[in-house]
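Take a look at the structure below.
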Protein chains: 2
Amino acid sequence: MAVPKSELQRRLGVFADTFRRKGLRATHQRMEIFRELAASDEHPDAETVYQRVVKRVPAVSRDTVYRTLASLEDQGLIRRTAVLGGPARYDANTKRHHHFVCTKCGSVKDFHSEALDDLSIPRSVKAFGRIGSAHVQVRGVCSACIGPRARPR
Amino acid sequence: MAVPKSELQRRLGVFADTFRRKGLRATHQRMEIFRELAASDEHPDAETVYQRVVKRVPAVSRDTVYRTLASLEDQGLIRRTAVLGGPARYDANTKRHHHFVCTKCGSVKDFHSEALDDLSIPRSVKAFGRIGSAHVQVRGVCSACIGPRARPR
DNA sequence: GTATTTGCAAAGCGTTTGCAGGTCT
DNA sequence: AGACCTGCAAACGCTTTGCAAATAC
């Protein structure tokens, strides 16, 4: 689940560069909020990010977490994913990937697949408009929720 | 966009059967709410369903629309799809299909593709848990939002 | 007759916003 | 100085819920 140190360093570098280039400020709060996402492959929601960051930076507020996440998303540093009936999930993995979503607890897991990356969008879809990206969402029940002591959300 | 009359009849039949079998009541309101979804290939949100149904059944309330949509979803008669930052969209097309989502106005359009239906989920995903369904979501900007007089939401 | 369903109103949750004070350059 | 950022609190949009009256079977 943990991101390799080298990749984390790379992500933090991209973050600092991007913000500097746009004239935005890489404040302590923003740094810690981004680090929280960049250091793990989980897809926490805003409240979870807040709970974790507030331990290290007690002065941070929920609003700042929301605003920072929106700002990071605008800069393309993180992605937001909607999950049915739950809060939005955030994700610092900007490489092309797909999602497994647990319909019980709402957890999201990334997976990679070259085969799926190349999937061909039917011609008919082009008639709908300009196509941006395509990704696969697999729904199912994660092992934690199936397991002997399931703790569904 | 309109569903063929024969398909509409079929859907209404399934609705009546399913509710009867489960001991639920096929009230006037529920019938009209389901018909609104079953008669079209759009993916309206709850508010839109309410606005349309209330024209024909002025006595219906928003709460009943929400409750009925939840109930129809429980029975597997409709599907709910989350769209980033917007209200949930509902959909009476229970055949396997995929979605085009407009990132400007949030509209959702169905498309079918045998090639995509057969996409092979990588072995590694099975490790996450029990796999239910897989579907492709294409994001882009619909022609209405690109068009000469774009009216983004 | 009885369990279900409805409308109303109020609360709930996740999220966004206006504002005044504070911070960085 | 000037732009940006923060925390606070209040508002927001979407959705769910408790309750008493109405309804379907």
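Worth knowing before you read on, the calculation uses all heavy atoms, side chains too, and leaves out hydrogens, waters and symmetry mates. Here is how names work: the chains are called A, B, and so on, in the same order as the sequence lines, proteins then strands, and each is numbered from 1. Because the structure is a prediction, the values reported are computed rather than measured.
Regarding Asp74(A), its CG atom lies at a distance of 11 Å from the P atom of dT16(C), rounded to whole Å. Between the C1' atom of dG14(C) and the CG atom of Leu69(A) lies a distance of 13 Å, rounded to the nearest Å. The CG atom of Leu72(B) sits 12 Å away from the P atom of dT5(C) (whole-angstrom rounding). Atom CD of Glu73(A) and atom P of dT15(C) are 11 Å apart (whole Å). The separation between Met31(B) atom CE and dT6(C) atom P is 13 Å, rounded to whole Å.
In this structure, a donor-acceptor pair under 3.5 Å is absent between the side chains of His97(B) and Asp117(B). In this structure, a donor-acceptor pair under 3.5 Å is absent between the side chains of Asn93(B) and His43(B).
Note: Phe100(B) and Phe128(A) have tilted aromatic rings, judged against thresholds of 30 and 60 degrees for the angle between ring planes.
Side-chain N/O atoms of Thr64(A) include one lying less than 4.0 angstrom from OP1 or OP2 on dG7(D).
With respect to the salt-bridge test (charged N to carboxylate O, under 4.0 angstrom), the residues Arg56(A) and Glu36(A) qualify.
For the helix from dC13(C)-dG13(D) to dT25(C)-dA1(D), the angle separating the two terminal helix axes comes to 30°, with each axis derived from five pairs and the value rounded to 10°.
In this structure, His99(B) has its ring center under 6.0 Å from that of His135(B).
Following chains of ILVMFWY side-chain contacts shorter than 4.5 Å, one cannot reach Leu84(B) starting from Ile131(A), and the two form parts of different hydrophobic clusters.
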Name every donor-acceptor pair, under 3.5 Å, that has one atom in a side chain of residues 18-28 of chain B and the other anywhere in the protein, sequence neighbours excluded.
| unit_1 | atom_1 | unit_2 | atom_2 | d |
| --- | --- | --- | --- | --- |
| Thr18(B) | OG1 | Val14(B) | O | 2.6 |
| Lys22(B) | NZ | Gln75(B) | OE1 | 2.7 |
| Thr27(B) | OG1 | Arg30(B) | N | 3.3 |

### Task
Evaluate the criterion salt bridge (Lys or Arg N to Asp or Glu O under 4.0 Å) for residue pair Glu42(B) and Arg52(B); output intermediate values, then yes/no.
CA-CA 13 Å; Glu42(B) 293 173 63; Arg52(B) 290 177 185 171; 3.1 Å; yes
### Query
Can you give one letter per nucleotide of nucleotides 15-25 of chain D, 5' to 3': B if a protein heavy atom sits under 4.0 Å from the base, S if only from the sugar-phosphate, - if neither?
BBBB----BB-
